[in-house]
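Worksheet for the structure shown next.
In what follows, every chain begins at residue 1, and chains take the letters A, B, ... in the order their sequences are listed. Treat the numbers as computed from the prediction; the structure is a model and nothing was measured.
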There are 2 protein chains.
Amino acid sequence: MTLQERVWQRRNRLRNRFSSLAASEPRESPAPDVAPRRKATLADVAERAGVSTSTASRALNGHGGLAPATRAAVQDAAAKLNFQPSALARSLRTQQTFTVGFVVPDVSSPFYAAALKGAQGRLEQAGYRVMLMDASLNVDRELAALETLLSHQVDGLLVASTGMPRALFDGAVGAAATPTIFFDGVVEGTGEGAVTLDNEGGITLLVDHLVEHGHERIAVLAGSQRESAGAARLRAFHTAMAAHGISPVDRYVKVCDWEIADGRRAGMELLADPKPATAVLASSAELALGFMSAAATRGIRVPDDVALVAFDDPYFGDLLEPPLTAVAYDAREIGATAAELLVEAMRSETIAVEVTVPVTLVRRRSCGCQPEASR
Amino acid sequence: MTLQERVWQRRNRLRNRFSSLAASEPRESPAPDVAPRRKATLADVAERAGVSTSTASRALNGHGGLAPATRAAVQDAAAKLNFQPSALARSLRTQQTFTVGFVVPDVSSPFYAAALKGAQGRLEQAGYRVMLMDASLNVDRELAALETLLSHQVDGLLVASTGMPRALFDGAVGAAATPTIFFDGVVEGTGEGAVTLDNEGGITLLVDHLVEHGHERIAVLAGSQRESAGAARLRAFHTAMAAHGISPVDRYVKVCDWEIADGRRAGMELLADPKPATAVLASSAELALGFMSAAATRGIRVPDDVALVAFDDPYFGDLLEPPLTAVAYDAREIGATAAELLVEAMRSETIAVEVTVPVTLVRRRSCGCQPEASR
DNA sequence: TTGTAAGCGTTATCAC
DNA sequence: GTGATAACGCTTACAA
């Protein structure tokens with residue numbers, strides 16, 4: 001692909017960033033109220049208001065008692081100069097950045113994007129900014145991300161781990177003692193809290209439903225086992241099967257990564273089996289999509305030839321063919337909840353807490369259910 | 001939904017953040033090499049290496065000439081103390097943060113999430129961090145986001161505008177003179193560059209294809225007209241229609257927001273028309289999905305009763321029923337390209353540039369095309 | 001009520 | 001080569 005480029009005519013944005021006519025000599029120019037060329041500092045405001053910087057600071061931050069008149073004068077000056085305090089300087093002094101680090105395996109995944117959105121909203125509300133790092137599904141980069149964040153002195157950390165060992169995490173974050181809440185991908189035994197989906201409950205719902213439909217030869221497309229969610233789901237699968245007295249066939253359990261392509265590949269293998277499973281449980285929407293794609297190319301019909309259910313209800317779930325039976329939950333909520341816990345942890349020393357977000361079963365046609373009367 | 005909470009046993013993360021045994025007295029404790037309780041500062045490193053802070057700084061940053069021996073000593077000390085320079089202090093001093101602000105209308109939208117991912121990768125490669133702000137499809141919040149970012153002294157801005165007037169943008173960013181690259185949502189006439197999709201080309205592809213199928217009564221689900229991309233697509237629609245000598249029916253052009261629900265609503269209206277259009281062009285994948293949903297509940301079949309094409313090829317495009325004919329492009333690339341331009345703009349004073357990312361037509365069944373032999 | 005001064009942790013400009 | 005010293009822009013004791 002080639003890009004088309006076109007050079008614009010050069011615009012004349014004034015950028016005399018280095019012009020030295022700061023506020024040292026308050027020139028009597030005709031338009032003193034216009035936004036200053038160099039960014040105004042607290043000193044500029046103070047000078048203009050005819051007070052000291054400390055007074056100016058207090059006036060702006062509403063601290064200590066001070067004459068209403070001076071306060072007004074300062075505020076006025078600040079407004080006129082369009083003063084924006086430097087977050088950098090303030091943070092350096094106060095040792096608080098009001099910034100939290102957000103680390104995920106892959107921002108472009110709908111799940112993490114939604115979680116990010118949820119968290120962002122809550123954090124902004126509480127006055128925090130988000131610094132985002134994408135670990136690219138890679139432990140080393142996750143570690144690097146944490147270090148970067150720490151060097152920026154974030155006040156807190158929201159992390160969905162790619163599967164980092166505890167020792168590594170504590171080594172990096174331990175010394176800084178930065179409050180951390182995990183979500184989805186948890187590092188066991190550390191952090192001030194964690195919020196996860198009800199993986200066990202969801203998988204149980206799915207397995208039970210498949211069994212209700214009469215299936216016993218159930219295959220599973222398990223996601224990456226390095227991530228806590230993937231491991232939890234596979235574990236839950238075995239438990240749920242055992243509860244029905246069914247022992248899963250080894251050939252039917254496919255551990256793979258989370259991408260559509262992985263699901264497709266695993267699906268092809270499953271379908272090539274001489275005695276294939278009659279139902280498939282996909283650990284994520286992507287894996288289900290991959291399986292559907294595999295089934296389509298093999299000419300296998302879902303649900304007639306093989307039933308399919310998934311953990312994750314994509315927003316286009318009922319526009320697929322067939323509409324996908326899935327476990328649904330609110331991805332935004334998981335982020336929002338994690339953010340809430342973090343805010344609390346940053347404010348006070350709270351005890352650690354673990355919360356799990358509930359899930360529900362959405363019955364559609366891919367499992368063999370009949371469509372309901374109407375929508 | 002109620003959340004399940006469980007309080008963990010209190011872990012004993014040592015957090016003597018305020019313990020005062022900094023490095024002032026280098027205690028002869030048995031394990032001096034262990035990570036220090038309070039974060040090590042450059043002064044600590046210097047002291048340990050027996051040099052001044054300036055020398056330590058130079059040694060670590062590879063500046064000016066200095067004895068190999070001392071350099072080694074400093075580096076050694078830094079390693080032992082696990083020294084991480086404070087990004088805050090460094091930025092305050094150098095007036096460079098190596099952070100860029102990223103502003104989008106909605107992070108959880110697949111398009112922006114992908115763009116973010118693309119940008120993040122390139123920026124990280126160039127040594128920049130991303131500070132993310134979600135404007136929630138709202139001009140005021142976009143403005144607030146810009147101000148926050150500016151107060152953090154970001155080195156550059158990557159923004160997909162929700163449709164902010166130029167004066168407002170310049171008022172906020174002008175004084176700071178922070179390099180800005182727009183993508184997707186452009187504020188005309190400002191910034192150092194912009195990267196957009198080939199909206200005209202894409203819409204033309206779609207209209208032409210529909211006309212090839214023999215359609216004349218073509219409806220359009222246009223997105224929000226406050227955003228530059230939405231406006232450009234609607235404009236292109238009129239142009240493309242005119243090129244075929246067709247004058248669009250007013251009732252057939254539906255301006256609405258970008259959500260699935262909006263598409264569904266507009267779709268319902270379209271289908272309720274006494275003499276409905278024979279084809280629909282959706283300005284985005286979400287709008288197409290909304291239309292499909294409307295068609296489904298009305299019992300209208302696509303493409304038999306009405307053809308459908310969309311600008312945006314969702315990744316599950318061929319698993320829909322019917323598979324969606326759409327204009328495809330690489331969302332990640334748009335972010336990556338924007339990031340590239342920004343990095344360049346931050347490094348040198350470059351002239352402004354406008355690049356457009358190419359799009360392609362993916363023919364599937366929703367337009368009335370027959371499926372190809374096999375996949 | 002307000003001002004003076006110290007300091008957050010760096011880097012840069014000088015001397016030595 | 002290396003070390004004082006002065007910023008960067010702010011907050012906060014402590015004085016006045």
Side-chain angles (χ1 to χ4, degrees), chain A residues 17-18 20 22-24 36 38-74 77-78 81-98 150-153 155 176, chain B residues 17-18 20 22-24 36 38-74 77-78 81-98 150-153 155 176:
Chain A
R17 193 194 274 254
F18 299 109
S20 53
S24 35
R38 208 198 183 301
K39 248 193 133 210
T41 86
L42 185 62
D44 300 335
V45 175
E47 174 169 354
R48 179 165 180 137
V51 297
S52 74
T53 60
S54 32
T55 307
S57 171
R58 280 184 289 243
L60 265 13
N61 298 315
H63 275 314
L66 65 176
T70 45
R71 159 160 304 177
V74 171
L81 290 174
N82 204 296
F83 171 68
Q84 294 286 136
S86 156
L88 242 42
R90 192 206 291 273
S91 295
L92 181 58
R93 179 63 239 243
T94 61
Q95 297 296 65
Q96 271 204 53
T97 54
F98 281 99
L150 255 20
S151 91
H152 276 258
Q153 273 159 265
D155 290 345
Chain B
R17 189 194 277 255
F18 300 109
S20 53
S24 36
R38 209 200 182 300
K39 250 192 132 210
T41 90
L42 186 62
D44 300 336
V45 175
E47 173 170 354
R48 179 164 181 138
V51 297
S52 73
T53 58
S54 23
T55 307
S57 172
R58 281 185 288 244
L60 264 14
N61 296 315
H63 275 315
L66 65 174
T70 46
R71 159 159 305 176
V74 171
L81 290 174
N82 204 295
F83 171 68
Q84 294 285 135
S86 155
L88 243 41
R90 193 207 291 271
S91 295
L92 181 59
R93 181 63 240 242
T94 61
Q95 298 297 59
Q96 270 204 51
T97 54
F98 282 101
L150 254 21
S151 90
H152 276 259
Q153 273 159 267
D155 290 346

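Protein atom NZ of B:Lys39 is 10 Å distant from nucleotide atom P of C:dG9, rounded to whole Å. If you take CD of A:Gln96 and C1' of D:dC10, they are 14 Å apart, rounded to a whole angstrom. The CD-P distance, from B:Gln95 to C:dA12, rounds to 11 Å in whole Å. One interatomic measurement links the two molecules: CZ of A:Phe98 to P of D:dC10, which rounds to 16 Å at whole-angstrom precision. A straight line from CD of B:Gln153 to P of D:dC8 spans 12 Å, rounded to a whole angstrom. Atom CG in A:Leu60 sits about 13 Å away from atom P in D:dT12, given to the nearest Å. The distance from atom CZ of A:Phe83 to atom C1' of D:dG9 is 8 Å, rounded to the nearest whole Å. Atom CG in B:Leu92 sits roughly 8 Å away from atom C1' in D:dC10 (whole-Å rounding).
Candidate nucleotides C:dT11, D:dT11, D:dG9 were compared by shortest atom distance to the side chain of B:Leu42, and C:dT11 ranks first.
An OP1 or OP2 oxygen of D:dC10 is reached within less than 4.0 angstrom by a side-chain nitrogen or oxygen of A:Thr41.
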Expected rows: protein N/O vs nucleotides 1-4 of chain D N/O, under 3.5 Å:
{"unit_1": "D:dT2", "atom_1": "OP2", "unit_2": "B:Ala67", "atom_2": "N", "d": "2.8"}
{"unit_1": "D:dT2", "atom_1": "OP2", "unit_2": "B:Thr70", "atom_2": "OG1", "d": "2.8"}
{"unit_1": "D:dG3", "atom_1": "OP2", "unit_2": "B:Ser52", "atom_2": "N", "d": "3.0"}
{"unit_1": "D:dG3", "atom_1": "OP2", "unit_2": "B:Ser52", "atom_2": "OG", "d": "3.3"}
{"unit_1": "D:dG3", "atom_1": "OP2", "unit_2": "B:Thr55", "atom_2": "OG1", "d": "2.5"}
{"unit_1": "D:dG3", "atom_1": "N7", "unit_2": "B:Arg58", "atom_2": "NH2", "d": "2.7"}
{"unit_1": "D:dG3", "atom_1": "O6", "unit_2": "B:Arg58", "atom_2": "NH1", "d": "3.1"}
{"unit_1": "D:dA4", "atom_1": "N7", "unit_2": "B:Ser54", "atom_2": "OG", "d": "3.4"}
{"unit_1": "D:dA4", "atom_1": "N6", "unit_2": "B:Ser54", "atom_2": "OG", "d": "3.0"}

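A donor-acceptor contact under 3.5 Å is formed by the side chain of A:Arg93 with the base of D:dT11.
A 4.5 Å side-chain heavy-atom check between B:Gln84 and A:Leu150 finds every atom pair outside the cut-off.
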